Amino acid sequence: MTDEELSHCVVSTVEYYEYKVLQELLGAKVRHIIPPIEMTDTFNAGLVSGADALSKEYIENPVIKQYIANPQCTIILFENPPYAETTSAEHQRQGQSKKSSTWKQSYVVTEMKKEVKGTASNDLGNVFIWSGFKYYLRQPTDSYIVYSPVKYWKAQHLIDRKFVKGFAYNRRHFHTNIDACIMCAYWQNIADSRKEIEIAAYDIDDNTGTLVSCGLLPVKQVFTTYSKIYYDKRPIPDEQRTGILAGLNGLEKVGGKQRNKPATAPDIMGYMVAHSSGFDNPDLDSSLLIAARYDGNGFFLRKDNYLEKLPMFCASRYITYNRAWTERARIMKSADGADRYNADVASGKLAQFLLKCLLFTCTEMQNHMRTFTGSDGRFYRDELCLDGTNGKTIALRDIKGLIPGDREKAILNQWETVLQWAKKAENYSPSLTYGVYQIYAELDTSHVDETTGNTIWDNVELHTALAGLKTLVKDYYNSEIVPVLFEYEFIK
């Protein structure tokens, strides 16, 4: 910014050392710094007293209020909100949820919850963005330039203001190791109901440090979730509430926190989780298991309609096979195309597509269905795999309807190679029905060479065959599955 522009600025930060830098570098150039001078009580456990933007004291600060109360003054708010989603998996793993949630008791959060329902207030960045429009922007000449992931507008619909212009950047260049899309957007304080915007994408060349244009990226709002529209919510009788719960690795979950109830019935073949709109934790928010996942968030997969549910699982794997920074945090899951999808399923138009989804599901590593005997004495058989050693699975029965092209034939042939080598593994059990993941987890074993420290695969032919299958599945997914998922807005 020029010195002239800085002379119109009011700046503040709650971090004490950032405040010291602001005082040193900009103190003589800006109109105000909050607080204006350092007092004996300014430093407070690493924070700046009076600079908490979520407090009522800050909202009512007379330095700021004088400009908000002046209709002749145009306000342009620049903000890089802090990020913290305290219900996220990362916070849960680090045991930080409670201690890092003190801001949830703030004045602004309390006021936000009166107007905004749902989980949006769990994200600290959302609180700042909401408060920006709520307390500082008053008239059409005001505007807000904010640097934050797109979900506040795309999925949470936190604002309905006029989008003027925006840019997309690779978040990896801004104090994180994650390749993900982050948006810098210019919003004008005028009501607007548009549902799609375009942002100009720029990456940074690691060698030269220069900006590299990546074209225009569309950002489309999402309105409905899988769980609301597509989950099978048929009631389960009490007498069927027996069985076991499964963990993320597909095995029986023993001990620990369990907040789901098991179920077994002749028509239940597994349990699917296709949770959350985003892809922040794709392997946590996507599961296919032989029994109910211990922490829920899914539904029981039934034999009479399982095929039409598979696109949810397929869509949940998008970011695994499309890791470009432009995709993560911009592309999200939705059920917005449900009416068209259900109509085309009913008419038979999507019959071949559903079978392609079946082929993908049976050969995708995140399908963690396993065959084993549970602690309840029941034998749980994986029906979503292509191993017919012990009789046809449901998948083998239905995959017969697929009209195979070259890609399908290549995957099926590679699967036969995998199964051939799996049966030669020392710990192969002929009584089990194996899917790809169970072969990987139980038969694709290795050890470390004590001399070289290198990993030695015990069944190198099997390991090689699995790697070849993975490559074929990735190419198949992006060419045959993804375009239809976008067409029916399973991802958008």
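No hydrogens, no waters, no symmetry mates; every other heavy atom, side chains included, goes into these values. The residues of the chain are indexed from 1 along the displayed sequence. It should be emphasised that the depicted structure is a prediction, and the values quoted were computed from it without experimental measurement.
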For this output row, return yes or no: ring centroids of [X] and [Y] closer than 6.0 angstrom.
X: Phe379; Y: Phe372; answer: no
X: Phe223; Y: His157; answer: yes
X: Tyr230; Y: Phe299; answer: no

For the pair [X] and [Y], find out whether any cationic side-chain nitrogen is under 4.0 Å from an anionic carboxylate oxygen.
X: Glu489; Y: Arg340; answer: yes
X: Lys253; Y: Asp295; answer: no
X: Lys303; Y: Glu383; answer: no

- Query: After noting the C-alpha distance and the side-chain angles of Trp415 and Cys362, does the key distance pass the side-chain contact (heavy atoms from CB on, under 4.5 Å) rule?
  - Reply: CA-CA 10 Å; Trp415 160 251; Cys362 289; over 6 Å; no
Grab the two heavy atoms, one from [X] and one from [Y], that are nearest each other, plus how far apart they are.
X: Phe313; Y: Asn367; value: CZ-N, 3.7 Å
X: Ala292; Y: Pro262; value: CB-CA, 4.3 Å
X: Trp457; Y: Thr445; value: CE3-O, 3.6 Å
X: Val150; Y: Ala329; value: CG2-O, 3.0 Å
X: Tyr294; Y: Gly247; value: CD2-CA, 4.0 Å

Pair [X], [Y]: side-chain N/O donor-acceptor within cut-off below 3.5 Å:
X: Tyr488; Y: Asp344; value: yes
X: Lys423; Y: Thr389; value: yes
X: Asp475; Y: Tyr321; value: no
X: Asp382; Y: Thr433; value: no
X: Asn126; Y: Gln156; value: yes
X: Asp232; Y: Asn305; value: yes
X: Thr264; Y: Gln240; value: no
X: Tyr306; Y: Asp398; value: yes
X: Glu364; Y: Tyr437; value: no
X: Glu327; Y: Tyr318; value: yes
X: Asp203; Y: His173; value: yes
X: Arg293; Y: Ser287; value: yes
X: Asn170; Y: Asp179; value: yes
X: Thr210; Y: Asp205; value: no

Working to the nearest 0.5 angstrom, can you tell me the gap between [X] [atom1] and [Y] [atom2]?
X: Phe279; Y: Ile491; atom1: CZ; atom2: CD1; answer: 6.0 Å
X: Thr224; Y: Asp336; atom1: OG1; atom2: CG; answer: 4.0 Å
X: Ser446; Y: Ile456; atom1: OG; atom2: CD1; answer: 9.0 Å
X: Thr361; Y: Leu384; atom1: OG1; atom2: CG; answer: 7.0 Å
X: Thr326; Y: Ile331; atom1: OG1; atom2: CD1; answer: 8.0 Å
X: Leu307; Y: Cys357; atom1: CG; atom2: SG; answer: 9.0 Å

- Side chains of Met183 and Ile197: closer than 4.5 Å at any heavy-atom pair? yes
- Item | Glu198 vs Leu217 side-chain heavy atoms within contact, under 4.5 Å | no
- Message: Test side-chain hydrogen bond (donor to acceptor under 3.5 Å, both in side chains) on Asn322 and Asn478; report intermediate values, then the result.
- Response: CA-CA 8 Å; Asn322 296 273; Asn478 282 323; 2.9 Å; yes
- Query: Please walk me through it: do His447 and Asp458 pass side-chain hydrogen bond (donor to acceptor under 3.5 Å, both in side chains)?
  - Reply: CA-CA 7 Å; His447 64 275; Asp458 300 324; 2.7 Å; yes
- Message: Test side-chain contact (heavy atoms from CB on, under 4.5 Å) on Tyr19 and Val14; report intermediate values, then the result.
- Response: CA-CA 7 Å; Tyr19 171 73; Val14 75; over 6 Å; no
- Task: Please say which of Lys492, Lys195, Glu196, Met332 ends up in a side chain to side chain contact (heavy atoms under 4.5 Å, CB included) with Gln221.
- Result: Lys195
- Task: Begin from the C-alpha positions of Phe360 and Ile411 and carry the test side-chain contact (heavy atoms from CB on, under 4.5 Å) through to its verdict.
- Result: CA-CA 9 Å; Phe360 170 77; Ile411 290 175; over 6 Å; no
- Test log, rule salt bridge (Lys or Arg N to Asp or Glu O under 4.0 Å), inputs Asp238 and Lys261: CA-CA 10 Å; Asp238 290 342; Lys261 294 181 179 180; over 6 Å; no
- Message: Using the rule given for ring-ring contact (aromatic ring centres under 6.0 Å, His included), can you reason through Tyr147 versus Phe78, listing the C-alpha separation, both sets of side-chain angles and the distance that settles it, and then say yes or no?
- Response: CA-CA 8 Å; Tyr147 173 84; Phe78 291 86; over 10 Å; no
- Task: Kindly indicate, with the supporting measurements, whether the criterion salt bridge (Lys or Arg N to Asp or Glu O under 4.0 Å) is fulfilled by Asp123 and Lys151.
- Result: CA-CA 11 Å; Asp123 188 323; Lys151 67 179 180 180; 3.5 Å; yes
- Query: Is there a side-chain contact (heavy atoms from CB on, under 4.5 Å) between Thr393 and Asp387 once you walk through the steps?
  - Reply: CA-CA 7 Å; Thr393 61; Asp387 178 8; 5.6 Å; no
